[in-house]
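What follows is a single structure, written as structure tokens, with notes after it.
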Amino acid sequence: MKDMAGPTIYLSDYAPPAYLVDEVHLTFRLAPEATRVLSRVRFRPNPEATDKTFFLHGEQLTLISAAIDGQPVTPEVSDTGLTCAVPDAPFTWEAEVEIAPARNFALEGLYMSNGMYCTQCEAEGFRKITYYPDRPDVMATFTVRIEGEEPVKLSNGNPGASDEGFAEWHDPWPKPAYLFALVAGDLVNHPDRFTTASGKDVELNIWVRPGDESKCAFGMEALKKSMTWDEEVYGREYDLDIFNIVAVDDFNMGAMENKGLNIFNSSCVLASPETSTDGNFERIEAIIAHEYFHNWTGNRITCRDWFQLCLKEGLTVYRDSQFTADMRSAPVKRISDVITLRARQFREDNGPLAHNVRPESFQEINNFYTATVYEKGAEVIGMLKELVGDEAYDKALDLYFTRHDGQACTIEDWLTVFEETTGRDLSQFKRWYSQAGTPRLKVREAWEDGTYTLHFSQMTPPTPGQPEKLPQVLPIAVGLLGPNGDEVQETTLLEMTEAEQSFTFPGLAAKPVPSILRGFSAPVILERETTNAERAFLLAHDTDPFNKWEAGRMLAKDGLIRMITDGAAPDAAYLGALQATLADDSLDPAFRALVLALPSEEDLAQTLFDAGVTPDPEAIHTARERLLEAMAAELEPLLTRLYHDHQVPGAYSPDAGPSAARALANGALALLSRRDGGALAAQQYAGADNMTQQLAALTCLLIAGKGTSEVQAFYDQWQADRLVIDKWFALQIAYAAPAKAAAVTEALTQHPDFTMKNPNRFRATLGALAGNPAGFHANDGAGYRLLADWLIQLDPLNPQTTARMCSAFETWKRYDADRQDLIRAELERIAAQPGLSRDTSEMVGRILAA
Ligand code: BES
Ligand code: ZN
């Protein structure tokens, strides 16, 4: 079944719903091919509505019967919903529909995954379950009855009556339909309990397929930590008697915050030392926190319409990053977040898919769960907090929660609580929500008579549909260092509001070295003429961990860019500064691991393009490899020491300390493997008792062109574990030599364990190809062709995952004419597919319009 191309929806067309809902009763009679859904909905006319048309969304439903106040009616049914004549007073709507969860491969609505029923309703999937006003500003209490033989039957809220053949649930908190969830199947639970600050006893469960019970303990601890943290930091308690998490194998996203019944991609909740890496553990902790935090920022206070998505997602990403910073290392979390922001959001913001943090139009809302809405949305909240201060932020949030509890809100509501608590005018700040593109911040300096001056200018390049940009409010955190490395001006926040603005620092004994944009205080591209000597100085002396790291990164980048564009030799000054930093045992090993990691090939391509140079993916890859060889040769004794000093004895722990040690040791191992042909890696592989060590060693072997027997051994060891086999697929492609990447990928799509029906497996294969830039962009176009072939095959089954993966092509205008021609041909081939989904046609259309 295929979706049709749809109309464009505009924020400016928002109109309140014609009818409001007080109560919903749903009964599910489960059957894979023919589930019956009976609904009873109490409607009343909305006094605030102008249009009185009664319209219920509904897609891919078979209507069996409908009645109003007990009287059968015959609604007018279309592809998108139904209309019907209704009384001009409160009334009860009843309907029975039939759906086929076993034939739902889009993984939206009610579907089956490994014999288990589950739902995904955000954003507009409830309309595939029954006829309903499927919009977030219609909030109601839900009572659900599930009939079926499955031993476990779950829905939102608190449990009611149950017996073998049925289970009832009641959710007392009014919610929009997108937060509805149902799960039924043969599941086992990992139980626990939590007592809230006010003494409420809550039952906690993580539900998994039999066999996965042993992988729940870490997620459960993360959940309890999240519950405590939200009480302590935001004063928010949990509000039901039970909180359930379910792991499912087939899921388009990472996880979903359904009220009281969070549903997780199994890759984002199941954890064990043998099968999960340190990175997996950290991600699981963060995503459990994220979905839990939505209980207040998203569920108790929801969005008026989908244009306001950043209201819940930007804020909740901001909250989960605060949580991770508190649980682990704050500087390391900030640096990692900026690395992903630049890789994903800057890439998006500087290409054809650039859009506002609050978009103003869409065809398919699923295409707007983007790095911009999420990550830039979180940056905007971080800036707001910087500008008003921590105390005012807490006050504004308290007001937000009390004033808007139970409501569906807008960005205006959000900003108003800040304006009222601080007395600040945020109208210019609001441009962060309505102007796309990454601002370029240029800075010049002047030094005269003991006064140091920073002259700033800001400019945002045009983005699709937005040729002109206005100056934004930029919080610029600055510190100054004296010639001996001491800080002569501690961090101070400059507020830039004009296109050009200067700030002076009088009374200084000597010309300082500036540390600008400390903590990456605004999501901008900083442009400043500086020297590598100054970068090395900041890498050695800056007290701000972010800028200390940034100085090292700029040094690495500068050298790499010269290697790529002029064929320069590896920069000796960089290698010296790197050596000094890595050898400093007073620095957190996790920080040193970040300093050791070079900018990615994607980052370099972006930087070159921004500087007006057409990136050559192969040249970038080769230069980066050359620098890695030089690092290995130059630093070998130090790397050997770091490797041995950071071996973690005893039982595996995913905590920040041991993870940091492993990150540094494995960073060293990667370079050492370039010296010893993989001997040490082979030894680590053979002795590894956890996935972090095993996978790191296997990666080194693959890069060294070895590891054939280990790849087979890894498969034999883990073939029964889907999540580990995903890693097996991804690894072989991500580290394939560029010329072979497409062929390796194609061969793996022929492997008996490959299936396009499982999004994790599809991403582990085709997504890994897109993540190997030199391989994906190989100039014969084989990578482009293979990805397009598979996107065309997947689209009829799973439009959402297909559309998301089209972003592999979003950077096409960066490249040379030959590559552009090859990519355009593939995009046009996708666009020409008959019956292409609305999701994919919107994405391909926007990318092609570049
Ligand atoms: N609400 C989203 C899940 C979602 C996204 C549902 C798009 C439907 C369409 C959830 O809260 C979320 O944001 N999940 C993220 C992970 C999070 C840690 C940023 C995800 O799934 O990637
Ligand atoms: Zn979210």
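Counting starts at 1 for both ligands and their atoms, in listed order.
The aromatic rings of Tyr292 and Phe243 sit perpendicular to each other, their planes meeting at more than 60°, with 30° as the lower class boundary. The aromatic rings of Phe546 and Phe520 lie tilted to each other, with the angle between the two planes from 30° to 60°.
Coordination check, Glu313 versus the Zn ion (ligand 2): passed, since an N/O/S atom of the residue sits under 2.8 Å.
A donor-acceptor pair under 3.5 Å is absent between the side-chain atoms of Asn758 and the main chain of Thr755, judged by distance alone. Distance alone, capped at 3.5 Å, places no donor-acceptor pair between the Trp790 side chain and the Phe762 backbone.
Summarising the contacts of atom 11 (O) of ligand 1 with Glu375, Glu291, Gln800, the nearest heavy atom is found in Glu291.
For atom 7 (C) of ligand 1, the closest non-hydrogen atom of the protein is Tyr369 CD2, 3.1 Å. Of the protein's non-hydrogen atoms, Glu122 O, 3.1 Å is the one closest to atom 8 (C) of ligand 1. Nearest to atom 16 (C) of ligand 1 among the protein's heavy atoms is Ile287 CD1, 3.6 Å.
Within the listing of ligand 1, atoms 1 (N), 2 (C), 10 (C), 11 (O) sit less than 4.0 angstrom from a heavy atom of Glu257. Residue-ligand proximity, Met256 to ligand 1, at heavy-atom distances under 4.0 Å covers atoms 1 (N), 3 (C), 6 (C). Heavy-atom contacts of Lys312 reach the following atoms of ligand 1: 1 (N) (cutoff under 4.0 Å). Listed by atom number, the atoms of ligand 1 under 4.0 Å from His294 heavy atoms are 11 (O). Within ligand 1, counting atoms from 1 as listed, the ones closer than 4.0 Å to a heavy atom of Gln120 are 6 (C), 8 (C). Per-residue contacts place Gly254 under 4.0 angstrom from the following atoms of ligand 1 (heavy atoms of the residue considered): 20 (C), 21 (O), 22 (O).
Once rounded to the nearest 0.5 Å, the distance linking CG of Asp721 with NZ of Lys727 reads 8.5 Å.
In this structure, a donor-acceptor pair under 3.5 Å is absent between the side chains of Thr316 and Tyr374. With no hydrogens or angles considered, a side-chain donor-acceptor pair links Thr692 and Asp278 at under 3.5 Å.
When heavy-atom distances to ligand 1 are checked against a 4.0 Å cut-off, His290 comes that close only through its side chain, counted from C-beta outward. Counting heavy atoms closer than 4.0 Å to ligand 1, residue Glu124 contributes nothing at all.
Remark: ligand 1 and Glu313 share an N or O pair separated by less than 3.5 Å (distance only, no angle test). Where the criterion is an N or O separation shorter than 3.5 Å, residue side chain and backbone included, Tyr374 meets it with respect to ligand 1.
Residue Ala255 places a heavy atom under 4.0 Å from ligand 1.
Side-chain contact between Arg135 and Tyr14: present, with at least one pair of heavy atoms (C-beta onward) separated by less than 4.5 Å.
One finds a salt bridge joining Glu257 and Lys312 here, because a Lys/Arg side-chain nitrogen approaches an Asp/Glu carboxylate oxygen to under 4.0 Å.
With Lys128 as the fixed residue, the side-chain hydrogen bond (donor to acceptor under 3.5 Å, both in side chains) test singles out one of Glu59, Gln120, Glu108, His57: Glu108.
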